[in-house]
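Here the structure comes first, spelled out in structure tokens, and everything after it is commentary.
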Amino acid sequence: MKTDDLIDLLAQDSAVPWKIGRILGYATVVGTVIAGTVFFIGIGFRPDIASAMETVRFLFKFVVTLSLAIAAIGALLRMARPGARLGLWGWAFAAAPVLLGGAVIAELIVMPESTWVARLVGHNARFCLTLIPLLAIGPLACLLLALRQGAPSRPGLAGAVAGLAASGIAATFYAANCNDDSPLYVMTWYPIATAMVVFVGYLAGTKFLKW
Amino acid sequence: MRAAISGDSAAYHRFLKAVTPHLRAMACRRCDRFGAPRSEAEDVVQEVLLAIHTKRGTWDPNRPIGPWISTIVRNKLIDALRRRGRHVSVPIENVIDFLEAEEQTDPLEARDVERMLGRLKEPQCDIVRSISVDGHSIRETANRLRMTEGAVRVALHRALKALAAMYRSELRENG
């Protein structure tokens, strides 16, 4: 086939394409709805949610998880486009770890040393490690499907960042159920659960996001 | 491209026409550097055109198009050369035969798409040939195949996506 013939052919298929930004936006919304549905049907809020809402530690968990989700989704919007730079979104990834690190230091200063280990181990580590990945399945699948319409230069990395975004969404729901609020607990268990999702995202990315 | 992305077929045609010589120059340069025969450059050009087409929703009209295109070209060139890795390292006698044979064909004619067209299902294959090789319009093709114009458009769109996917799967098989 001659190249000019191919150009004629392509020009005939000139329907307005879906914009990748919009696709990723929908994927985020649908993924969040799926995770939310699973959460409210299967797990639900912790019983003392009303009094928990008044504590700084409880609310701070959402600051961390939401900043992770927002940074990762913002980065995905750039990574799905060929030739777009990460720019400030690269720095936004630092927000969640820095915030959490600051909170851990504050916790260590405020709380007596004898309570540190108990706070770190918590009561729900097993749930944390199973429920976050479980809640992340829906958002991760939606984001990966959306990214297939994109053109990430580094498919594995894009998949891993999709895993981060999915963990951020999942952890936001999970945090509303978990009654371990100490930053020491969050710093220990949430990243392990996140790492599992990121690893799955990376593998899926190398397999499904090549274009 | 701005007009093209909002569905203006003629503008899209002009854009693709204008960008192809640049793609060809880039592809030739890369082929030379990696020791691949020039004749393969045209296959790469066509693969890049297909990628530009299927991924045009990832271009943000508020940004310059240059970096977008060159990133796609780089990505596709690497794929294409990797896929041809075996062909490139054949003994020199074969290469000479190959080059001599090549001179008889139109230098702007590529064979990869042709080969993959054969793997498309009907009526996709028929539609693609009718529009590209025979130069019919969508309406003429629809009349001949007794399909609606909308159905032909959908089939064409699917066919182009399938072609782009075939390039990918070949890479995986050989890679």
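All chains are named by letter (A, B, ...) in the order of the sequence lines, taking the proteins before the strands, and each is independently numbered beginning at 1.
Nearest heavy-atom pair across A:Ala69 and A:Ala165 is CB-O, 4.2 Å. Taking all atoms of both residues into account, the shortest heavy-atom contact from B:Ala164 to B:Leu50 is N-CD1, 4.2 Å. Across all non-hydrogen atoms, the minimal contact from B:Thr58 to B:Trp68 is OG1-NE1, 3.0 Å. Minimum interatomic distance between A:Gly159 and A:Leu209 (heavy atoms only, all atoms of both residues): N-CD1, 3.8 Å. Across all non-hydrogen atoms, the minimal contact from A:Leu144 to A:Ala204 is CD1-CB, 3.6 Å. The two atoms that bring A:Ala170 and A:Ala136 nearest to each other are CB-N, 3.5 Å, heavy atoms only.
Within residues 145-157 of chain B, the residues having any heavy atom under 4.5 Å from a heavy atom of chain A are, by residue number, B:Arg153, B:Leu156, B:His157. Scanning residues 74-93 of chain A against chain B with a 4.5 Å heavy-atom cutoff picks out A:Arg78, A:Ala80, A:Arg81, A:Pro82, A:Gly83, ordered by number. Close approach to chain B, defined as a heavy atom under 4.5 Å from one of its heavy atoms, is seen in no residue of residues 172-195 of chain A. Residues of residues 21-47 of chain A having a heavy atom under 4.5 Å from any heavy atom of chain B: none.
Other residues, nucleotides and ligands place more than 12 heavy atoms under 6.0 Å from the CZ atom of A:Phe62. Heavy atoms from other residues, nucleotides or ligands lying under 6.0 Å from CZ of A:Arg154 number 12 at most.
Remark: B:Arg56 is not positioned above the aromatic ring of B:Phe15, lacking an NZ or CZ atom under 6.0 angstrom from the ring centre and at most 45 degrees off the axis.
Contact count against chain A (heavy-atom pairs under 4.5 Å) is highest for B:Asp60 among B:Asp8, B:Asp60, B:Thr54. Taking A:Leu6, A:Asp8, A:Asp13 one by one and counting their heavy-atom pairs under 4.5 Å with chain B, the maximum is reached by A:Asp13. Among B:Ile127, B:Ile72, B:Ile69, the residue making the largest number of heavy-atom pairs under 4.5 Å with chain A is B:Ile72. Counting heavy-atom pairs closer than 4.5 Å to chain A, the top-ranked of the candidates B:Val45, B:Ile52, B:Val128 is B:Val128. By number of non-hydrogen pairs under 4.5 angstrom with chain A, the leading residue of B:Lys17, B:Arg74, B:Arg63 is B:Lys17.
Residue B:Ser9 touches chain A through both its backbone and its side chain, counting heavy-atom pairs closer than 4.5 Å.
Summarising the geometry, atom CG belonging to A:Leu164 is positioned 11.0 Å from atom CD1 belonging to A:Ile169; distances are rounded to the nearest 0.5 Å. Considering NE2 of B:His53 and NZ of B:Lys161, their distance stands at 10.0 Å, rounded to 0.5 Å. To the nearest 0.5 Å, the span separating CD on A:Gln12 from CG on B:Leu160 amounts to 10.5 Å. One distance of note links CG of B:Leu23 with CD of B:Glu47; it measures 12.0 Å at 0.5 Å rounding.
Judged by distance alone, the side chain of B:Ser70 and the main-chain N or O of B:Gly66 form a donor-acceptor pair under 3.5 Å.
With contacts defined as side-chain heavy-atom distances shorter than 4.5 Å, the pair B:Lys55/A:Trp211 qualifies. Side-chain contact between A:Phe58 and A:Ile49: present, with at least one pair of heavy atoms (C-beta onward) separated by less than 4.5 Å. Between A:Ile132 and A:Met196 the shortest side-chain heavy-atom distance does not fall below 4.5 Å. Within the 4.5 Å cutoff, the side chain of B:His22 has no heavy atoms near those of the B:Val73 side chain. A:Pro133 is listed as a side-chain neighbour of A:Val197, based on a closest heavy-atom distance under 4.5 Å.
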